[in-house]
Novice: 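I am attaching a structure below and will ask some questions about it afterwards.
Quick note: numbers below take in every heavy atom, side chains included, and nothing from hydrogens, waters or symmetry partners.
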Amino acid sequence: MSRFNTLTRLRCEPEARGFLLSYFWSGLAGLLVPTLVILVGMIAMLLNSKGLKEPTVTLGTHLTIPLSAEFISQKPLMQLTQLVGFTLLTATIFAGCVWLQRRTADTRSNQIVKSLHGRILKQSLRRAEVEGAAAQHVRADDIIGNQLPCIQTGLSLWYQSVPRSLLTLIGCVFLALLVNVWLAVLAVISGVLVRRFFRRLHQQKNSELTHWEVPRARQRMASLVGQAPLLARLQSQGIADQAYQQELDSMFRKLDMQHSRQARIWPLVFLAVATAIAVMVLGLGVNLLGSDSGLNVPAAFVLGLALAGAASAAGQLQNLGSQLTTSGESSDAIYRYLKRSDEVAPSEQRVGLAGLRDTVEIRDVTLSDSNGEQILSHLSLELYPGQLIALLGTEQVSTRALTELLMGFGLPGEGRVSIDGIPLRDIHPQALARNVMWIEPDGPIWDGTILENLSGNDSGISSSDVFDALREVNVYERIQRLPEGLNTIVTATDSMLGVETTYGIAVARALLHKPPILLALEPPPPAEHMAEDPCLNAFKKLVRQGTLVVLLPRRLPSLRSADRVILLNGARLAGEGDHGELLATSDLYRHLNYLLFNPYRHQKRPADSANEGR
């Protein structure tokens with residue numbers, strides 16, 4: 001990748017078109033800067049000579065401004081009034097052009113980045129089929145939180161600086177050359193040299209010593225301070241004091257070296273600036289006093305303003321170049337993310353799915369993470385409708401990856417997943433969404449009313465069905481106590497609803513929609529004891545209606561009620577059977593039961609409490 005990136009691909013997006021007028025405002029603003037410099041020079045000449053009486057105004061060796069006979073015939077005060085008025089009008093037009101350009105620049109960059117946000121959402125759904133859903137959250141966090149704002153800043157700076165700053169730089173440099181070629185060249189060379197001195201000073205300030213060695217020395221000293229009381233008990237005879245003093249002396253020696261280097265550079269920079277100014281003043285004096293070059297004090301004023309305008313424009317372009325370096329990297333990363341993968345078939349080539357009639361088959365599936373570590377290894381399972389399946393494993397990433405595979409997220413390195421003999425990757429994503437539902441402790445809840453969260457876009461669900469479903473999961477009364485009941489607006493991060501309520505809403509949603517395949521992550525058991533778990537009863541009802549329920553259990557009654565428990569040891573299948581069978585045959589299963597589901601494991605025994613009280 002080249003170091004300098006002009007964001008060409010971003011600027012060719014469809015949302016960037018239709019802003020041709022912005023280039024006019026930008027170009028006009030860039031050309032008005034040297035125009036303002038000339039007008040200010042003419043005002044300075046008028047004040048210096050107490051009136052403009054010649055047909056031309058000479059503002060340098062090659063810069064002459066013609067004047068009309070009508071303007072020359074006016075009194076000096078009238079000439080000044082007209083020039084000041086015209087200058088003020090030009091400045092107003094310049095300000096308006098800059099405002100319009102900034103506004104269109106921000107609008108264009110916002111539209112491009114907003115479009116990228118939408119494309120990233122769509123691409124994340126496609127990539128999830130290959131990389132898994134969890135990986136998309138990490139990528140989206142980086143792209144939306146870091147890379148897209150960087151791109152927006154780069155685009156905005158580009159549209160603000162091009163072509164305005166470029167035309168200002170060219171116009172002001174050309175104007176300075178017209179005033180006096182040698183003085184302009186001398187000023188540019190002096191400015192470049194002084195700039196290099198300043199950059200060297202900046203690099204010295206941000207040296208490795210400041211950013212790494214000194215902080216590390218301070219950390220070692222803090223560690224010694226923490227160890228000093230312990231070392232004192234070891235009769236170490238001042239070892240901690242000696243080590244601390246050595247670190248202290250070493251750190252301040254390094255700081256003294258850095259300060260001495262900086263102390264040498266500042267006088268050099270000051271001397272360079274003073275030398276550059278002295279050379280410029282001598283050159284100006286030679287042209288003013290020693291030769292008839294057409295240079296005068298107003299012309300020197302014009303030269304200074306032109307060089308200042310050129311320096312300002314060059315600074316803006318330099319900032320743009322620095323920003324484009326990082327924005328270009330972000331642009332390349334985003335377009336790599338948006339690149340269509342050949343591993344996923346286009347949607348129009350996929351088939352539909354009419355429920356689960358026979359089986360979900362997982363055949364010799366191996367799945368690995370981005371580092372090549374196996375998450376699932378040669379896993380083979382057959383899941384049937386009308387079953388309550390519990391997934392239990394030593395590593396949460398493996399059980400969660402298996403549920404993501406059933407949702408169509410993640411592409412196995414080996415093997416295949418199929419529903420009724422149809423490979424999962426050949427089923428249309430919308431068909432999977434209609435047949436496979438995921439619920440978790442947080443719902444999931446989306447922005448909208450509770451009723452919308454329950455019914456979705458299904459107009460066939462009646463109010464009585466909603467009430468019955470909420471009563472079955474024992475959250476109807478809680479929702480009725482909310483300010484607007486079912487019409488209360490909730491968000492994904494809403495703290496108004498507790499975990500039991502959001503989970504109950506999710507289970508009620510499953511009761512209303514009756515998905516052929518239901519995947520559920522249970523919340524931890526509530527603090528108060530429940531004689532019966534209404535959500536577990538809802539799962540059993542769905543199983544009786546033919547739904548395949550795959551549960552990631554966190555509650556012991558759910559594990560005991562499962563028709564079948566699938567036990568994973570790391571990436572491999574370690575056993576299958578119901579709760580009683582695995583308790584009798586598997587040491588690993590008994591150990592996991594004790595670790596995850598024993599309610600007394602974290603409680604203190606009476607004997608322990610008595611010993612602590614003594």
Novice: Taking Thr449 for its side chain and Glu452 for its backbone only, find out whether a donor-acceptor pair lies under 3.5 Å.
Specialist: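 Yes.
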Novice: Give a yes or no on whether the backbone of Leu454 and the side-chain of His513 come within a donor-acceptor separation of less than 3.5 Å.
Specialist: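 Flag set: sc His513 to bb Leu454 pair under 3.5 Å.
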Novice: Can you tell me how far apart CG (Leu568) and CG (Leu592) are? Round to the nearest 0.5 Å.
Specialist: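 Atom-to-atom, Leu568:CG and Leu592:CG are 10.0 Å apart.
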Novice: Side-chain contact, heavy-atom cut-off 4.5 Å: Glu361 with Leu383?
Specialist: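 Counting from C-beta outward, Glu361 and Leu383 never come under 4.5 Å.
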Novice: To the closest 0.5 Å, what do you measure between CZ (Arg544) and CZ (Phe539)?
Specialist: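 Answer rounded to 0.5 Å: 13.0 Å.
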Novice: Does a salt bridge link Glu414 with Arg363, judged by any charged N lying under 4.0 Å from a carboxylate O?
Specialist: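 No, Glu414 and Arg363 are not salt-bridged.
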Novice: So do Leu367 and Leu379 actually touch side chain to side chain, heavy atoms under 4.5 Å?
Specialist: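 Leu379 does not reach Leu367 side chain to side chain.
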Novice: Between Gly421 and Arg416, what is the shortest heavy-atom contact and its length?
Specialist: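 Distance-wise, the nearest heavy atoms are O-NH2, 4.1 Å.
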Novice: Let me see the working for Glu395 and Arg572 under salt bridge (charged side-chain N to carboxylate O under 4.0 Å, His left out), right down to the final yes or no.
Specialist: CA-CA 11 Å; Glu395 297 182 10; Arg572 293 185 173 275; over 6 Å; no
Novice: Report the C-alpha distance between Val365 and Val417 in whole Å, list the side-chain angles of each, state the deciding distance to 0.1 Å, and finish with yes or no for side chain to side chain contact (heavy atoms under 4.5 Å, CB included).
Specialist: CA-CA 8 Å; Val365 165; Val417 181; 4.0 Å; yes
Novice: How close do Ser327 and Cys150 get, counting heavy atoms only, and between which atoms?
Specialist: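 Between these two residues, the closest heavy atoms are OG-O, 2.8 Å.
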Novice: How many angstroms lie between CG in Asp563 and NZ in Lys540, if you round to the nearest 0.5 Å?
Specialist: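 These two atoms lie 9.5 Å from each other.
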Novice: Taking all atoms of both residues into account, what is the closest heavy-atom pair of Arg554 and Pro525, and its distance?
Specialist: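 That closest heavy-atom pairing would be O-CD, 3.4 Å.
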Novice: Counting only N and O atoms by type, is there a donor-acceptor contact under 3.5 Å from the side chain of Arg11 to the main-chain atoms of Thr6?
Specialist: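 At least one qualifying donor-acceptor pair exists.
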Novice: Heavy-atom count around Arg103 CZ within 6.0 Å, excluding the residue itself: above 12?
Specialist: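 No, CZ of Arg103 has 12 or fewer neighbouring heavy atoms, counting only those of other groups under 6.0 Å.
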Novice: Go through the side-chain N and O atoms of Asp465 and Ser462 and say whether any donor and acceptor fall under 3.5 Å apart.
Specialist: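 Note: Asp465 and Ser462 side chains meet the donor-acceptor criterion.
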Novice: Quick one: are Tyr503 and Cys535 in side-chain contact, heavy atoms under 4.5 Å?
Specialist: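 The answer is yes; the side chains approach within 4.5 Å.
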Novice: How far does CZ of Arg102 sit from OG1 of Thr107, to the nearest 0.5 angstrom?
Specialist: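 So the CZ of Arg102 and the OG1 of Thr107 are separated by 11.5 Å.
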Novice: Just do the salt bridge (charged side-chain N to carboxylate O under 4.0 Å, His left out) check on Arg564 and Asp578 with the steps written out, would you?
Specialist: CA-CA 5 Å; Arg564 183 171 157 207; Asp578 61 27; over 6 Å; no
Novice: Can you check salt bridge (charged side-chain N to carboxylate O under 4.0 Å, His left out) on Lys541 and Glu472, steps first, answer last?
Specialist: CA-CA 10 Å; Lys541 178 180 179 180; Glu472 284 191 54; 2.9 Å; yes
Novice: Kindly indicate, with the supporting measurements, whether the criterion side chain to side chain contact (heavy atoms under 4.5 Å, CB included) is fulfilled by Leu548 and Ile389.
Specialist: CA-CA 8 Å; Leu548 168 62; Ile389 306 293; 3.8 Å; yes
Novice: Go through the side-chain N and O atoms of Gln101 and Ser26 and say whether any donor and acceptor fall under 3.5 Å apart.
Specialist: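 Yes, a side-chain donor-acceptor pair sits under 3.5 Å.
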Novice: What verdict does the side-chain hydrogen bond (donor to acceptor under 3.5 Å, both in side chains) test give for Ser156 and Asp106, after you've listed the backbone C-alpha separation in whole Å, the side-chain angles of each residue and the deciding distance to 0.1 Å?
Specialist: CA-CA 6 Å; Ser156 184; Asp106 292 338; 2.8 Å; yes
Novice: Please check if the side chain of Ser561 supplies one atom and the backbone of Pro557 the other of a donor-acceptor pair under 3.5 Å.
Specialist: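 Pair found, side chain donor or acceptor close to backbone of Pro557.
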Novice: Which pair of heavy atoms, one from Asp420 and one from Arg357, lies closest together, and at what distance?
Specialist: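 Of all heavy-atom pairs spanning Asp420 and Arg357, the closest is OD2-N, 2.9 Å.
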Novice: Just checking Glu382: does its CD atom have more than 12 heavy atoms from other residues, nucleotides or ligands closer to it than 6.0 angstrom?
Specialist: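 Yes, the 6.0 Å shell around CD holds more than 12 heavy atoms from other groups.
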Novice: Would you say the side-chain atoms of Thr399 pair up with the backbone N or O of Leu391, donor to acceptor, closer than 3.5 Å?
Specialist: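 Side chain of Thr399 to backbone of Leu391, a donor-acceptor pair under 3.5 Å: no, none is there.
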Novice: Are Val550 and Val360 close enough that some pair of their side-chain heavy atoms sits under 4.5 Å apart?
Specialist: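 Answer no - side chains too far apart.
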Novice: Above 12 or not: heavy atoms from other molecules or residues under 6.0 Å from CD of Gln545?
Specialist: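 More than 12 within 6.0 Å, yes.
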Novice: Which distance, rounded to the nearest 0.5 Å, do you find between the CD1 of Ile439 and the CG of Leu519?
Specialist: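 Reported to 0.5 Å precision, the distance equals 9.0 Å.
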Novice: Evaluate the side-chain proximity of Leu432 to Phe409: yes if any heavy-atom separation is below 4.5 Å, no if none is.
Specialist: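 They are not in side-chain contact.
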Novice: Which heavy atom of Ser161 sits nearest a heavy atom of Leu320, and at what distance?
Specialist: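 Shortest heavy-atom contact: CB-CD2, 3.9 Å.
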Novice: Hey, is the main chain of Tyr337 close enough, under 3.5 Å, to the side chain of Gln123 for a donor-acceptor pair?
Specialist: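 Between the backbone of Tyr337 and the side chain of Gln123 there is a qualifying donor-acceptor contact (under 3.5 Å).
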Novice: Measure the spacing between CG of Leu392 and OH of Tyr589 and express it to the nearest 0.5 Å.
Specialist: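 Between atom CG of Leu392 and atom OH of Tyr589 there are 6.0 Å.
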Novice: After noting the C-alpha distance and the side-chain angles of Thr104 and Leu21, does the key distance pass the side chain to side chain contact (heavy atoms under 4.5 Å, CB included) rule?
Specialist: CA-CA 9 Å; Thr104 54; Leu21 195 59; over 6 Å; no
Novice: What pair of heavy atoms forms the shortest contact from Met496 to Ile489, and how long is it?
Specialist: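 For Met496 versus Ile489, the nearest heavy atoms are CE-O, 4.1 Å.
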Novice: Where do Asp468 and Tyr476 land on the side chain to side chain contact (heavy atoms under 4.5 Å, CB included) test, with the steps shown first?
Specialist: CA-CA 9 Å; Asp468 291 341; Tyr476 178 76; over 6 Å; no
Novice: Is it true that Asp142 and Arg139 make a salt bridge, defined as a side-chain N closer than 4.0 Å to a carboxylate O?
Specialist: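 Salt bridge: no.
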Novice: I'd like to know if the side chain of Ser398 reaches the main chain of Thr394, judged simply by a donor and an acceptor atom lying under 3.5 Å from each other, with no hydrogens or angles considered.
Specialist: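 The answer is no, because no donor-acceptor pair under 3.5 Å joins these two groups.
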Novice: Does a side-chain heavy-atom distance below 4.5 Å link Leu405 with Leu376?
Specialist: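 Yes. Closest side-chain heavy atoms under 4.5 Å.
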Novice: Keeping Thr547 on the side-chain end and Ile517 on the backbone end, is there a donor-acceptor pair under 3.5 Å?
Specialist: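 It does not hold such a pair.
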Novice: Do the charged groups of Arg336 and Glu329 touch, with an N to O distance under 4.0 Å?
Specialist: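 Looking at Glu329 together with Arg336, the answer is no, because their closest N to O distance does not fall below 4.0 Å.
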Novice: Under a 4.5 Å cut-off applied to non-hydrogen side-chain atoms, are Leu381 and Glu576 in contact?
Specialist: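 Heavy-atom side-chain distance check passes, below 4.5 Å.
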Novice: Within the distance-only criterion (no hydrogens, no angle test), does the side chain of Arg509 pair as donor or acceptor with the backbone N or O of Asn453 below 3.5 angstrom?
Specialist: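 Here the side-chain-to-backbone pair exists.
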Novice: Identify whether the distance between the nearest side-chain nitrogen and carboxylate oxygen of Lys114 and Glu15 falls below 4.0 Å.
Specialist: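 No.
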Novice: Answer yes or no: is there a donor N or O on one side and an acceptor on the other, between the side chain of Asp426 and the main chain of Ile422, under 3.5 Å?
Specialist: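 No; zero donor-acceptor contacts below 3.5 Å.
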Novice: With the side chain counted from C-beta on, respond yes when Arg400 and Leu521 share a heavy-atom pair under 4.5 Å apart, and no when they do not.
Specialist: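 Yes, close enough: below the 4.5 Å cut-off.
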Novice: Is it the case that more than 12 heavy atoms not belonging to His378 sit under 6.0 Å from its NE2 atom?
Specialist: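 Atom NE2 in His378 is packed in, count exceeds 12.
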Novice: Quiz question: by atom type and distance under 3.5 Å, do the side chains of Trp158 and Gln160 form a donor-acceptor pair?
Specialist: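 Trp158 vs Gln160: no donor-acceptor pair found between side chains.
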Novice: Could you tell me if Gln374 and Ser377 have a donor-acceptor pair between their side chains, going purely by distance under 3.5 Å?
Specialist: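 On atom types as modelled, these side chains qualify, holding a pair under 3.5 Å.
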Novice: Under 3.5 Å, is there a donor-acceptor pair linking the side chains of Glu522 and Ser558?
Specialist: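 Judged by distance alone, the side chains do pair up.
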